[in-house]
Amino acid sequence: MPELPEVETIVRGLSRHVVNRRIQNVEFLWPGLVTGDAEEATAHLRGQRVTALRRHGKYIVFELQRRRSKSCLVVHLRMTGNFIVGGDPGPHTRAVLHLEGGPALVYHDIRKFGRWQWSEQLPHRLGDLGPEPLEISQEDFVPRLRARRGMAKALLLNQEFLRGLGNIYADEALFRARIHPRADSAKISKARAAGLHAAIRNVLSEAISQGGSTINNYVNSEGSQGYFQLRTAVYGKTGEPCKVCAAPIRRIIVASRSTHFCPRCQRR
DNA sequence: CGAGTCCTGTGT
DNA sequence: ACACAGGACTCG
């Protein structure tokens, strides 16, 4: 479900409830949630103090410490994972994280795609991720984009290129930059690549300020919804008139994902 | 590259 | 009954 803005919203909402608190207990209601053995993970997590909570692309990293030894709990929400502070467990609750002196974190995940992983060091996978889209400079982004070839949309979805973009914000950024989703990234002009850099920054920061997008059932950690879905220009707007030129928005498949664009504003 | 896989729910 | 869903891995 969540892309960078939704994960950022969740992390901001969770931080004040978890940072500096100690994990009292973890209940895995669906043992497949955690990679490895659930009992072993529970034993490791009990008694750990959460020293920091960070977002790394679409990953949530709980930094942990017990005495001198540091470790971390890495969570990826995938399509339908979510944390609610002090919520009531329901049919889709997969885990409950009990914290000393604070409300429990209830983890829901309808489709069971999300994963929790405990480890002593940051998993290598996180090291393979590309830069944060809101941190990379235009000077670094433009040559990085033009050095790759393949369809622009596929590149934006590739977490090794940039970490955090997903289907909604990839479509919205390409629309704002007037780039066809199937455009070859190597052939995008420097000016247009600079425009894409700005478009990505703008769409992500606007979405964060709106608390992310609530398409189906996403809510933030306090249980309220985001509002950016009301502002999308192309995502989920198939057949509706383009806000700029009034041509009907089209839906095609790119990189095996449903892709929305304006055939007039985004020419190949 | 695309297709299949992991899952469950919703809308047509 | 079927298509589709905010993700990402594995395979051919």
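So you know, we letter chains A, B, ... as the sequences are listed, proteins then strands, and number each from 1.
A gap of 13 Å separates the P atoms of B/dA3 and C/dC4, to the nearest Å. Taking atom P on both C/dA5 and B/dG2, the two are 15 Å apart, rounded to the nearest angstrom. Going from the P atom of B/dG4 to that of C/dA3 covers 12 Å, rounded to whole Å. Between the C1' atoms of B/dC1 and C/dG6, the separation comes to 23 Å (whole Å). To the nearest whole angstrom, the two P atoms, one in C/dT10 and one in B/dC7, are 15 Å apart.
Here the C1' atom of nucleotide B/dC6 and the CG atom of A/D109 are 11 Å apart, to the nearest Å. With rounding to whole Å, A/E6 atom CD is found 13 Å from C/dG7 atom C1'. Taking atom NE2 of residue A/H76 and atom C1' of nucleotide B/dC6, one finds them 14 Å apart after rounding to whole Å. When rounded to the nearest whole Å, the span between CZ of A/R94 and C1' of B/dC6 equals 13 Å. One atom, CH2 of A/W116, and another, C1' of C/dA8, lie 20 Å apart when rounded to the nearest Å.
A close approach under 4.0 Å does not occur between any side-chain nitrogen or oxygen of A/H92 and OP1 or OP2 of B/dT8. At least one side-chain nitrogen or oxygen of A/R251 sits closer than 4.0 Å to the OP1 or OP2 atom of C/dA5. Side-chain nitrogen and oxygen atoms of A/Q159 include at least one within less than 4.0 Å of the OP1 or OP2 phosphate oxygen of C/dA8. The side chain of A/K58 contributes an N or O atom lying less than 4.0 Å from OP1 or OP2 of C/dG7. Using a 4.0 Å cut-off, some side-chain N or O of A/S258 falls inside it from OP1 or OP2 of C/dA5. For the OP1/OP2 pair of C/dG7 and a distance below 4.0 Å, the side-chain nitrogens and oxygens of A/R257 include at least one atom meeting the criterion.
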TODO: Taking Watson-Crick and G-U wobble pairs with both distances under 3.5 Å, convert DNA chain C into its dot-bracket string, 5' to 3', dots for unpaired and | for cross-strand pairs.
DONE: |||||.||||||
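In this structure, the separation between CG on A/L165 and CG on A/L157 is 7.5 Å, given to the nearest 0.5 Å.
Between A/E63 and A/R54 there is a salt bridge, with a side-chain nitrogen of the basic residue lying less than 4.0 Å from a carboxylate oxygen of the acidic one. Taking 4.0 Å as the cut-off between side-chain N and carboxylate O, A/E206 and A/R176 count as a salt-bridged pair. Salt bridge status for A/K70 with A/E120: absent, with no side-chain N to carboxylate O gap under 4.0 Å.
Remark: ring of A/F113 does not overlap the six-membered base ring of C/dA8 in a stacked fashion, as centroids less than 5.5 Å apart with planes less than 30° apart are not both met.
Paired with A/F228 under the rule side chain to side chain contact (heavy atoms under 4.5 Å, CB included), one option of A/T9, A/T214, A/V203, A/I208 passes, and it is A/V203.
Among the heavy atoms of the strands lying under 4.0 Å from A/A255 are primed sugar atoms or P, OP1, OP2 only; no base atom is included. As judged by a 4.0 angstrom heavy-atom cut-off over every strand, A/G150 is placed among residues touching the sugar-phosphate backbone only. Here A/Y235 lies in heavy-atom contact (under 4.0 Å) with sugar-phosphate atoms only. A/R182 comes within 4.0 angstrom of nothing in the nucleic acid, heavy atoms only.
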May I have the list of side-chain donor-acceptor pairs in residues 245-257 of chain A shorter than 3.5 Å, sequence neighbours left out?
residue: A/R251; atom: NE; partner: A/S258; partner atom: OG; Å: 3.4

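Between A/W116 and A/F83, the gap from one ring centroid to the other is short of 6.0 Å.
Summarising the geometry of A/E172 relative to A/Y235, their closest heavy-atom pair is OE2-N, 2.8 Å, with the distance given to 0.1 Å.
The side chain of A/I110 sits closest to B/dG9 out of C/dA8, B/dG9, B/dC1.
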